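Just so it is clear: chains get the letters A, B, ... in the order the sequence lines come, proteins before strands, and each one is counted from 1. Quick caveat, the model's predicted, so the values are computed rather than measured.
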Number of protein chains: 2
Amino acid sequence: MVAEPGQGDEVVTTPAEPPAVPHPADEPAVRERARAIPEAAVARLAIYLRALTELSEQGVGTVSSEELSIAAGVNSAKLRKDLSYIGSYGTRGVGYDVGVLIGQVERILGLTRNHSVAVVGIGNLGHALANYNGFPGRGFPVTALFDVDPDLIGVPVGGIPVDHIDDIPQVVADRDITIGVIATPPSAAQEVCDRLVSAGVQCILNFAPVVLQVPDHVEVRKVDLAVEMQILSFHVARRADEGSTESTAAGPDGAVNGTGMSEVDGMVMRP
Amino acid sequence: MVAEPGQGDEVVTTPAEPPAVPHPADEPAVRERARAIPEAAVARLAIYLRALTELSEQGVGTVSSEELSIAAGVNSAKLRKDLSYIGSYGTRGVGYDVGVLIGQVERILGLTRNHSVAVVGIGNLGHALANYNGFPGRGFPVTALFDVDPDLIGVPVGGIPVDHIDDIPQVVADRDITIGVIATPPSAAQEVCDRLVSAGVQCILNFAPVVLQVPDHVEVRKVDLAVEMQILSFHVARRADEGSTESTAAGPDGAVNGTGMSEVDGMVMRP
DNA sequence: AGCCGCTTGTGAACGCAGGCACAAAGTCGC
DNA sequence: GCGACTTTGTGCCTGCGTTCACAAGCGGCT
Ligand SMILES: NC(=O)c1ccc[n+]([C@@H]2O[C@H](COP(=O)([O-])OP(=O)(O)OC[C@H]3O[C@@H](n4cnc5c(N)ncnc54)[C@H](O)[C@@H]3O)[C@@H](O)[C@H]2O)c1
Ligand SMILES: NC(=O)c1ccc[n+]([C@@H]2O[C@H](COP(=O)([O-])OP(=O)(O)OC[C@H]3O[C@@H](n4cnc5c(N)ncnc54)[C@H](O)[C@@H]3O)[C@@H](O)[C@H]2O)c1
């Protein structure tokens, strides 16, 4: 049971010679996946959406790829390419209509409907998530909370009473839960995950530091703070080794403030 | 890279092994940089470390790349390549000595020393982070808390009294803070970040959904839950479109596939 | 002692993502 | 109505990261 996606170990499909022989003709077996959006692009679309929403609230009606790319902290060419994956909604010589683009990005991201969220494990983190109002504001209302602790059952957190995890099947069905958030101790994560999946949840956001085993049709995203810190630690260590270079005085003003972006260090693109 | 989510990629150097790479480089800037560990590999090393630590606690003394790769949820070839970045510590025909490997990974990740963490913004999330005992257990003790709310100043959270953000310079220096965690509202994030950087903090973990502007020598990692959810939403929507083909309800022990992104997964639960 | 099988370490191919640069396309001004 | 300017959309090239496949190396078995 090797944790490995598709292929078995030795697929003898193409007996063709591995040695380099530039094969001209043959098409690379075009899948029926006509519109495949790179995963990395999807993540950025979410960032663009936040920047666009902010612009919209400011009354901005049109934005160029250059402006938007600065707000999102990415390269403008990359932004245009990302947007091209979802269609051609820009106007050459003008830019993009903010409203239209918001609609299209939301369509692609599946945000035209609400996605009810269930949080399992109402401890430190679960409480914070339940009380967070950034999710409902973005189409992800938290509508169910679960725990095993008898003292918590029935207690409202963030306005929602905690249910027992045995009620997962029922509640998930009733409230049309599409996203399950796991905030239990690591030891309980897999079991909780299994229960959620059995109840029909196809999206899991996991905060427990374990690898979850799920069927292929279930999507898992993981947030691992310890790993994030260790990556930071690595960079510190590396920096300490390399001779310290001169430190350029940072710019006095920052100004451009946008929204999230990938976890790159603070490099700002040039206009 | 991201999480989640996409991932800033940046080659980084490590002070590990001799150069010894007879590569017919056509690189213009051939620095004497020894070897570069891909950012993605660094993230996975943290995962391997957790798996190795667990194995060690179970008394396992030796592990093969195959076993470890399963525990970490990755391809075994990838695991070997990742480990090769930090040196050759395996024994052919046998595998890796768990203790030795833990030591080497910790060395590369800079975990031979403790990294004191400061959390800024002791609200919902800040409380959870301050109370979390998973950090101290991994060499990241939270030793300082900051906020602006007068009602919070002096109140101990997770055993540590909250300081006012004006005390950042002093406290950061006194307690040798190396990592700053931003858990303030988005509007305050940039200012808090600037203060931390001014105080000498070179690593930032940001939970606020904004792009932080920092000097080049500061490393920023971002955790953006809304983006994670939107990525999940995207996959639901996409599945709904083309999903009408076949619904493979087969595989009970699904592969830990998940995102194809740079984000990596944690480890697997022991049976 | 020598062979055999297992596992590592890595060269090389492949595929994806990023970024440049430009043609296409539309607008604005005159 | 036409030209010049602006900005999009994308072809192509580059480089990184992943994966395959195998020779080298090591321990154990006979
Ligand atoms: N607190 C943080 O800031 C933080 C940070 C990073 C990661 N995490 C991870 O998030 C998870 C939760 O952390 P926490 O600090 O909130 O822990 P916690 O101990 O405060 O809360 C865990 C909650 O899960 C409940 N629980 C236990 N077993 C359960 C089960 N089988 N089904 C349902 N609920 C169950 C407990 O009753 C408790 O309420 C952990 O895996 C932790 O590693 C937390
Ligand atoms: N709560 C969550 O589960 C969650 C989830 C995802 C993202 N976030 C993000 O994390 C951040 C914090 O969320 P929260 O729910 O804890 O918010 P919160 O409002 O509960 O807490 C914010 C805290 O920051 C403090 N603060 C405000 N301005 C400050 C300043 N200038 N300097 C120092 N402290 C300041 C406030 O006094 C408060 O204690 C937000 O950016 C939010 O978007 C939170």
Side-chain angles (χ1 to χ4, degrees), chain A residues 2 4-14 16-23 28-31 33 36-44 62-69 74-97 101 262 264 267 269-271, chain B residues 1 6-12 17 20-29 35-44 62-69 74-97 101 260-264:
Chain A
V2 177
E4 189 48 40
Q7 303 180 327
D9 292 305
E10 28 198 274
V11 183
V12 198
T13 47
T14 29
E17 286 281 84
V21 176
H23 229 50
V30 180
R31 299 296 180 81
R33 311 166 47 182
I37 302 181
E39 185 87 8
V42 174
R44 285 190 297 268
T62 298
V63 65
S64 71
S65 64
E66 190 63 34
E67 296 165 332
L68 186 56
S69 70
V74 301
N75 182 295
S76 68
K78 192 192 293 184
L79 181 139
R80 287 198 298 276
K81 181 156 287 187
D82 287 343
L83 292 183
S84 77
Y85 289 127
I86 69 176
S88 295
Y89 302 105
T91 303
R92 295 171 189 228
V94 177
Y96 300 89
D97 181 278
L101 205 49
S262 50
V264 188
M267 299 207 328
M269 295 301 159
R270 265 254 318 122
Chain B
M1 340 135 83
Q7 211 164 41
D9 33 30
E10 180 185 354
V11 255
V12 288
E17 288 293 297
V21 177
H23 221 51
D26 37 341
E27 303 300 294
R35 228 189 278 197
I37 302 183
E39 181 88 9
V42 173
R44 286 190 297 267
T62 299
V63 66
S64 71
S65 64
E66 189 64 32
E67 296 165 331
L68 187 55
S69 71
V74 302
N75 181 297
S76 69
K78 191 191 291 185
L79 180 139
R80 286 198 299 277
K81 178 144 285 191
D82 287 344
L83 292 183
S84 76
Y85 289 127
I86 69 175
S88 294
Y89 302 105
T91 303
R92 296 171 189 231
V94 177
Y96 301 88
D97 181 279
L101 207 48
M261 288 203 51
S262 44
E263 318 277 16
V264 272

* **DNA chain D: 5'-proximal contact among A:Lys81 and A:Gly95 (nearest heavy atom)** => A:Gly95

* Nearest-Å distance for atom pair CG/P, residues B:Leu83 and C:dT7 -> 16 Å

* Asked: Measuring from B:Ser84:OG to B:Lys81:NZ, what's the distance to the nearest 0.5 Å?
  -> 6.5 Å

* Asked: Starting at CD of B:Glu39 and ending at P of D:dG17, how long is that distance when rounded to a whole Å?
  -> 9 Å

* Quick one: is B:Asn75 getting a side-chain N or O under 4.0 Å of the D:dC20 phosphate, OP1 or OP2? -> yes

* Asked: Could you state the CG-P distance from A:Asp82 to C:dA17, rounded to the nearest angstrom?
  -> 10 Å

* To do: In whole angstrom, give the distance that lies between atom CD of B:Glu66 and atom P of C:dT8.
  => 9 Å

* Asked: Which heavy atom of A:Asp82 sits nearest a heavy atom of A:Ala41, and at what distance?
  -> OD1-CB, 3.4 Å

* Got A:Tyr96 and A:Leu68 here, is their nearest side-chain heavy-atom distance under 4.5 Å? -> no

* To do: Find the distance B:Tyr85:OH to C:dT10:P and express it as a whole number of Å.
  => 11 Å

* Out of curiosity, B:Asn75 CG to B:Glu66 CD, how far, rounded to the nearest 0.5 Å? -> 8.5 Å

* To do: Ignoring backbone atoms, test whether A:Lys78 places a side-chain nitrogen or oxygen under 4.0 Å from the OP1 or OP2 oxygen of C:dG19.
  => yes

* Five pairs at each end of the helix from C:dA1-D:dT30 to C:dC30-D:dG1: take the axis at both ends and give me the angle between them to 10°. => 0°

* Taking only N and O in the side chain of B:Tyr96, is any of them less than 4.0 Å away from OP1 or OP2 of D:dC26? -> no

* **d(CG, B:Leu79; C1', C:dT7) in whole Å** => 13 Å

* Asked: Just to confirm, is there a sub-4.0 Å distance from OP1 or OP2 of D:dT8 to any side-chain nitrogen or oxygen of A:Ser65?
  -> yes

* Structure fact -> Per-nucleotide protein contact along nucleotides 21-26 of chain C, 5' to 3', at a 4.0 Å heavy-atom cut-off (B base, S sugar-phosphate only, - neither), is B--BBS

* Nearest atoms (heavy-atom pairs only) where B:Arg44 meets B:Val74 -> CD-CG1, 4.1 Å

* Structure fact -> Closest non-hydrogen contact found for A:Ser76 with A:Ser65 is CB-O, 4.0 Å

